[in-house]
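Throughout, numbering of the chain's residues begins at 1 and tracks the sequence. Note that ligands are numbered from 1 as they come in the structure, with each ligand's atoms numbered from 1 the same way.
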Amino acid sequence: MVASDSSSPRIRKATRLKALLQSPNLEFICEAHNGISARIVEEAGFSGIWASGLAISAQFGVRDNNEASWTQVVDNLEFMSDVTAVPILLDGDTGYGNFNNMRRLVRKLEQRDIAGVCIEDKIFPKTNSFIGGERQPLADINEFSGKISAGKDIQNDPDFSIIARVEALIAGWDIGEALRRAEAYRRAGADAILIHSKLSRPDQILEFSKEWSNRAPLVIVPTKYYSTPVEVFRRAQISLVIWANHMIRSAVSAMQQSAAKIFADQSLIEIEDRIATVDEIFRLQGADELEAAEERYFSNTRTESKAIVLAASRGDGFSTLTDDRPKVMLPISGKPLLRHLVDKFKKRGVDDITVVAGYKADSIDVNGIRLLMNREHETTGELASLVCARHCFADDMIVTYGDLLFRSYILRDLIENDAAITIVVDSSVSRAPNETGDFAFCSESDDRAMWGQAVTLKQLTRTADQAGNRANGRWIGMVRIQNEGRRWFEDILNALQLRADFARLGMPDLLNSLVLNGKPVHVWYVHGHWLDVNSVKDLEPARSFAGLTG
Ligand code: SPV
Ligand code: MG
């Protein structure tokens, strides 16, 4: 998640909390207990967050008795602080020890941009005020005052707030004791006094505030006297109201209902529309920001390329091995041939992969790919399959045969190429006259001393020998199309589709037509490091090739 910018980041969080405490208006802050709840509280409009000890311990699943260590609390606060711009006031219990622990706490809180801490005059380890409050011993006034002074002396930011929480009324003492303590804490440097009460009416609070008469800002937690209209607090010149535990309680009841329903129904149907969507979670996590940042900082390692994989044929050379699956599903070193190819593309950041299948398409592992069908696969060829994927064409795409194994640098170099149309040609293959394959006659032969030489395709042929001329290499079955190349590619495909023999045409026909129509088809030479699987005899070399990494 990233910090929201709901309020000016130039004003420090500590300064903002101080302003809330000193504001002439009645202000409100609300409990949060982790990053996402902090974000939700801020989005609701609150100008501050109460990092409640009760709620933070509860979300850890432990008791509000200092069972979570203070560093665990501070780590949790860091997540809350990182994703919000409004100030966070930590419920720091008793300060987690003596004056020295308090000093260290203040240091660590400031380092995490926490705006202030509230400490209560009880004994470590404390117990929540609503559990047997009257049995709880109070801290010695002097010792507690020293803790406040120690915190104030160590703080770096003059606006960091230390709020002293008076527990006298909780522990069964009278207003006089509460006032005596509050005054001592004010003198010790407390920026505000939190006066706590567990009565269901605000009587103690109102009496206290009357006697206090604004000597320092007053903070209250009306968890028990919640039915009191806030106008009453306003008139009593309370500065800050803390809604102290309502996010954790909301979360708990929502989760209890969902868990019970899902368990009973063994289904998500009833629950799906009642809970936050996954997209809403992504939004709260700031997924959009990451996408935008990737555009800015990560674009040279990611690619917008999409892949179209032609995999409709059964493969003739495999006898019964392909009775129940197409050749791309034949296992090679523990995974199907097609999976090797898909994994290579994904590793290079090509995540949008469309596979056009035909023969035994339902046996194809669809994980991570879009599967399309060429229903006419028995009577048509590669271009007919390509047409099935036309709606997936993109301004940057790689069209490839599905039966290839290749080292990953081949794909990397192809992606880094900026020609409109680029084919990969292997100059290392045998070019004996009897060889068949997609042989490439090119403008230049492969000068291996020249990296990335400018070479264009003249023609693809089925044999390596044309009237005594030898081909320069063999096309491996992979072509990259980008920018204006897409239009050329589509125009030629459209034109070929009008031909009576379209059903028989393959990718080489398309590439040759591009050349014939004057479109440059750039050649990227490689020297081995790939193979295609066309018959049973190719399986063993494929296994040893795939067994080597890279
Ligand atoms: C908390 O939220 O943890 C508090 C307030 O300390 S109360 O639970 O009301 O004591
Ligand atoms: Mg607490």
- Note on the structure: Residues at least two apart in sequence or cross-chain that pass ring-ring contact (aromatic ring centres under 6.0 Å, His included) with F160, listed by chain then number, are none
- Message: Checking N101 against R104: is there a side-chain donor and acceptor pair closer than 3.5 Å?
- Response: no
- Query: S129 pairs by side-chain hydrogen bond (donor to acceptor under 3.5 Å, both in side chains) with which of K198, K224, R165?
  - Reply: R165
- Please list all pairs passing the ring-ring contact (aromatic ring centres under 6.0 Å, His included) test where one or both residues lie in residues 178-207, with sequence neighbours left out. F130-H196, F144-Y185
- Tally every protein N/O/S atom whose distance to the Mg ion (ligand 2) is less than 2.8 Å; waters are neither shown nor counted. 1
- Message: Do the side chains of R480 and D396 get close enough for a salt bridge, i.e. N-O under 4.0 angstrom?
- Response: yes
- Task: Output yes when R283 and E280 qualify as a salt bridge under the 4.0 Å nitrogen-oxygen rule, no when they do not.
- Result: yes
- Query: Among L194, I193, L179, whose side-chain contact (heavy atoms from CB on, under 4.5 Å) with V166 holds?
  - Reply: I193
What are the atom names and distances for all N or O pairs under 3.5 Å between ligand 1 and the protein?
residue, atom, partner, partner atom, Å
ligand 1, 2 (O), W50, NE1, 3.1
ligand 1, 2 (O), S52, OG, 2.7
ligand 1, 3 (O), S52, OG, 3.2
ligand 1, 3 (O), G53, N, 3.2
ligand 1, 3 (O), L54, N, 2.7
ligand 1, 3 (O), D91, OD2, 2.7
ligand 1, 6 (O), D91, OD2, 3.0
ligand 1, 6 (O), R165, NH1, 2.7
ligand 1, 6 (O), R165, NH2, 3.4
ligand 1, 8 (O), N128, ND2, 3.0
ligand 1, 9 (O), H196, NE2, 3.1
ligand 1, 10 (O), R165, NH2, 2.8
ligand 1, 10 (O), H196, NE2, 3.2

- Task: Test K18 against every option in P217, S161, P87 by the side-chain contact (heavy atoms from CB on, under 4.5 Å) rule and name the one that passes.
- Result: S161
- Taken to the nearest 0.5 Å, the spacing of K126 NZ from E120 CD works out to 4.5 Å
